[in-house]
Number of protein chains: 2
Amino acid sequence: MHKEHTLTKNQQIIFDLIDKSSEPLKAYSILFNVQKKGIKAPLQVYRALDKLVEIGKIHKIESRNAFIACHNSSCQVAKATAFSICEICEKVTEISSAGLSKYLANFKDKDGMKYSKYNLEFFGLCKKCR
Amino acid sequence: MHKEHTLTKNQQIIFDLIDKSSEPLKAYSILFNVQKKGIKAPLQVYRALDKLVEIGKIHKIESRNAFIACHNSSCQVAKATAFSICEICEKVTEISSAGLSKYLANFKDKDGMKYSKYNLEFFGLCKKCR
DNA sequence: TAACACTGTGTAATAATATAACATTAATAT
DNA sequence: ATATTAATGTTATATTATTACACAGTGTTA
Ligand SMILES: [Zn+2]
Ligand SMILES: [Zn+2]
Ligand SMILES: [Zn+2]
Ligand SMILES: [Zn+2]
């Protein structure tokens, strides 16, 4: 469960937009869509995005420079994320697998180092596109 | 072992630069460094980078928008990559673990889907920065 | 109270990253 | 030879992200 954060006005507007989107949204597409709500500048968007990522309400899909809402209630560590990305339709799904997260959290590199933060992006074809 | 590709002039210049760098290089830093060799425009750099990524000679570190040479001779599938990234000094190391790549290649999502392409970035502190 | 720290906001300007469009040249295949 | 593909050179532009500065709200604390 996510720690409860009271979102500010800008954060709430931008989170709502991302949360109800069926696909990852890019920063300037978000900007375009919230201009009618008074958010006029890129920085206002990026500041809200930064905060939302920090508190785990959204995640950034690094390979796409886009953002999706976290729908994974067990995503306790906001910084340990895994996604599947369809290379045709660009559908992105957050992977919620206890086995995977356990494996990665326990993975040790050759220096014996463990990592609690990671981002994993799988690429392939989604059900519809196969 | 990588399939042998004969690099073109621009590709070779840019690969050499990345290969001898101790840290990931960004596209415009590459551009700056190869201008004396006649590569003048961003597009010339991006085209070479795209090709080098495609043939597995280099990898893109997505979270950093930077490129490193592949030093992993067992990196047969150029598109299945794992890295550790130091959050202080930004040192990046390609992880070469048979166990990890086997686990990820065999991972099935809840639809039973397997993925042969993935990119995994671990974040933490390197030996020196711990 | 007043001073302070902290967080968020608004705005303008600019930096950094990446691609489109078009003309040309080199390499490869039949 | 000719067709095809891949790479190049160049200009312009699109996309993504940050710097800098002024200010407002909130809570702490001296
Ligand atoms: Zn999540
Ligand atoms: Zn799809
Ligand atoms: Zn590699
Ligand atoms: Zn370090």
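Because the structure is predicted, anything quoted here is derived from the model rather than measured. Chain identifiers are assigned alphabetically (A, B, ...) following the order of the sequence lines, protein sequences preceding nucleic acid strands; residue numbering begins at 1 within each chain.
Rounded to whole Å, atom C1' of C/dA16 lies 13 Å from atom CZ of B/Phe67. Here D/dA17 presents its P atom at 8 Å from CG of B/Asn65, a figure rounded to the nearest Å. The interatomic distance linking A/Leu25 (CG) with D/dA17 (P) rounds to 13 Å, in whole Å. For the pair A/Ile39 CD1 and C/dA12 P, the computed distance is 16 Å after rounding to whole Å. For B/Asp50 and D/dT8, the CG to P distance is 12 Å, given to the nearest whole Å.
With no hydrogens or angles considered, a side-chain donor-acceptor pair links B/Asn119 and B/Thr81 at under 3.5 Å.
Listed candidates were C/dT9, D/dA17, D/dA7. Nearest to the side chain of A/Thr8 is C/dT9. Looking at the side chain of B/Lys51, the nearest of the listed nucleotides C/dA18, C/dG8, D/dA7 is D/dA7. Considering only the side chain of A/Gln11, C/dG8 comes nearest among C/dG8, D/dT10, D/dA20. In the set D/dA20, C/dT19, D/dA7, C/dT19 carries the atom at the smallest distance from any side-chain atom of B/Tyr46. Closest to the side chain of B/Gln44, from the set D/dA17, C/dG8, D/dG9, is D/dG9.
The shortest distance between the side-chain N/O atoms of A/Lys9 and the OP1/OP2 oxygens of C/dG8 is not below 4.0 Å.
Side-chain contact between B/Leu100 and A/Tyr103 is present, with heavy atoms from C-beta onward closer than 4.5 Å. Side-chain contact check for B/Lys108 versus B/Met113: every heavy-atom pair is 4.5 Å or farther apart.
Taking the six-membered ring wherever Trp is involved, the centroid distance between the rings of B/Phe107 and A/Phe122 falls below 6.0 Å.
Between A/Pro42 and B/Ala48, it is B/Ala48 whose nearest contact on DNA chain D lies nearer the 5' terminus.
No aromatic stack links A/Tyr28 and the base of D/dT15, using centre distance under 5.5 Å and interplanar angle under 30°.
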